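Letters go in sequence order (proteins before strands), and every chain restarts at 1. What you are looking at is a predicted structure, and each value in this text was computed from that prediction instead of being measured.
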Number of protein chains: 2
Amino acid sequence: MATLKYSRQRESIKEFLMTRKDHPTADVVYENMKKIYSNISLGTVYRNLSLLSDIGEIQKLSSFGGADHFDGCVTPHCHFICTDCGQVLDLETDDMNRLMEKSVKNFSGKITGYDLRFFGLCPRCITHR
Amino acid sequence: MATLKYSRQRESIKEFLMTRKDHPTADVVYENMKKIYSNISLGTVYRNLSLLSDIGEIQKLSSFGGADHFDGCVTPHCHFICTDCGQVLDLETDDMNRLMEKSVKNFSGKITGYDLRFFGLCPRCITHR
DNA sequence: TTGGGTGCAAATCTTTTGCAGGTGT
DNA sequence: ACACCTGCAAAAGATTTGCACCCAA
């Protein structure tokens, strides 16, 4: 495995993600990084997002129909996706780890993790109806 | 909303999905449809998969990293994705509907559904290690 | 007859990758 | 110096869309 070397770009990307409560796509990260590094490339953003999520410093939220979203928060939590506006929100829940393990029946594989997403209307979209 | 009109292609696509226990991608559906309609187009397959999932006759499983998968079974059930071979399996679980609703805290939006996925090694990939 | 459905091909969107030069250690 | 990292641009993969023709109702 390759040795990790410091890079300003990577540091900034990680910092940026940790300050955001929404869950930006690669493109949004790119637009924001351009404010700091005017000629950073989209490829670099993708490479670093992918690298950071590989080493577990950020979380990649795969496709809700469009582009992937990235989450600077790696402690386990669930997400809510608004079916109207597409917004991705964090959700507070009881701890579900034990629940999850116990509820699976008749499976001889090995479960190492899970991903739970809720769908519906976010507070704002409910109001607008 | 447009009136739905019969189409042989759509019927076949739905039938095909219902006979499959795995969760084929659009491309796999396309390859199999070509056996029946030698010059069916990929666009038609995508249009119908999208239409069928809009009206709730099939289920679209968005991106596990690659192409979307489609499930002819619409009764609620969880999925397992093998992190080694990428296979998607159905999983038997306790009924989780009530569990899910109860576990969410402090959320003022409206939850209408959820999607639960487990990750790990499938039985076959465990053996090969 | 009319509006949805189809095949075909081009376009779009997202993400990955090859390459030559730059930079951290 | 060596290996990783970057910008750039091209490529790749998945899905959507415009168009002219076809077919179910």
Rounded to the nearest 0.5 Å, what separates atom OG in Ser103(A) from atom CG in Leu91(B)? 8.5 Å

Please enumerate all residues that pass side chain to side chain donor-acceptor pair (under 3.5 Å) together with Lys21(A), with sequence neighbours excluded. none

Note: Glu31(B)-Lys34(B) ion pair, threshold 4.0 Å (strictly below): yes

Roughly how far, to the nearest 0.5 Å, is the NE2 atom of His69(A) from the CD atom of Gln59(A)? 13.0 Å

Please state how far atom CG in Asp54(A) lies from atom P in dT16(C), giving the value in whole angstrom units. 10 Å

Should Gln9(B) be listed as having a side-chain N or O under 4.0 Å from OP1 or OP2 of dG7(C)? yes

I need the CD1-C1' distance between Ile13(A) and dG7(D), as an integer number of Å. 13 Å

Please determine, for the side chain of Ile40(A), which listed nucleotide (dG7(C), dC5(D), dG7(D)) has the closest atom? dG7(D)

Mind checking the CD1-CZ spacing from Ile36(A) to Arg8(A)? Nearest 0.5 Å is all I need. 11.5 Å

What residues form a salt bridge (Lys or Arg N to Asp or Glu O under 4.0 Å) with Lys5(B), not counting sequence neighbours? none

Rounded to whole angstroms, how far apart are CD on Glu11(A) and P on dG24(C)? 13 Å

Mind checking side chain to side chain donor-acceptor pair (under 3.5 Å) for Asp90(B) and listing every partner two or more places apart, or none if nothing turns up? His23(B), His77(B), His79(B)

Going 5' to 3' along nucleotides 20-25 of chain D, which nucleotides have protein heavy atoms under 4.0 Å from the base (write B), which only from the sugar-phosphate (write S), and which from neither (write -)? ----BS

Dot-bracket summary - DNA chain C, pairs being Watson-Crick or G-U whose distances fall under 3.5 Å, with | when paired to another strand: |||||||||||||||||||||||||

Centroid separation Phe107(B) to Phe80(A) less than 6.0 Å: yes

Distance col, row Asp115(B):CG vs Phe119(A):CZ, nearest 0.5 angstrom, shows 5.0 Å

Could you check how far CE of Met33(B) sits from P of dC8(C), rounded to whole Å? 16 Å

Length of the OH-C1' vector between Tyr37(A) and dT6(D), whole Å: 12 Å

Nearest whole Å is fine: how far is dC13(C) P from Glu31(A) CD? 14 Å

Presence of Thr44(B) side-chain N/O under 4.0 Å of dG7(C) phosphate oxygens OP1/OP2: yes

Would you tabulate the pairs of protein nitrogen or oxygen atoms and nucleotide nitrogen or oxygen atoms of nucleotides 13-16 of chain D closer than 3.5 angstrom?
from	atom 1	to	atom 2	distance (Å)
dT15(D)	OP1	Asp68(B)	N	3.0
dT15(D)	OP1	Asp68(B)	OD2	3.2
dT15(D)	OP2	Tyr46(B)	OH	2.4
dT15(D)	O5'	Tyr46(B)	OH	3.4

Distance, rounded to the nearest Å, where Leu52(B) contributes CG and dG5(C) contributes P: 11 Å

Tell me: CG of Leu51(A) to C1' of dT16(C), nearest whole Å? 14 Å

What distance do Ile81(A) atom CD1 and Ser62(B) atom OG have between them, rounded to the nearest 0.5 Å? 9.5 Å

Where do Thr25(B) and Asp68(B) land on the side chain to side chain contact (heavy atoms under 4.5 Å, CB included) test, with the steps shown first? CA-CA 6 Å; Thr25(B) 58; Asp68(B) 292 347; over 6 Å; no

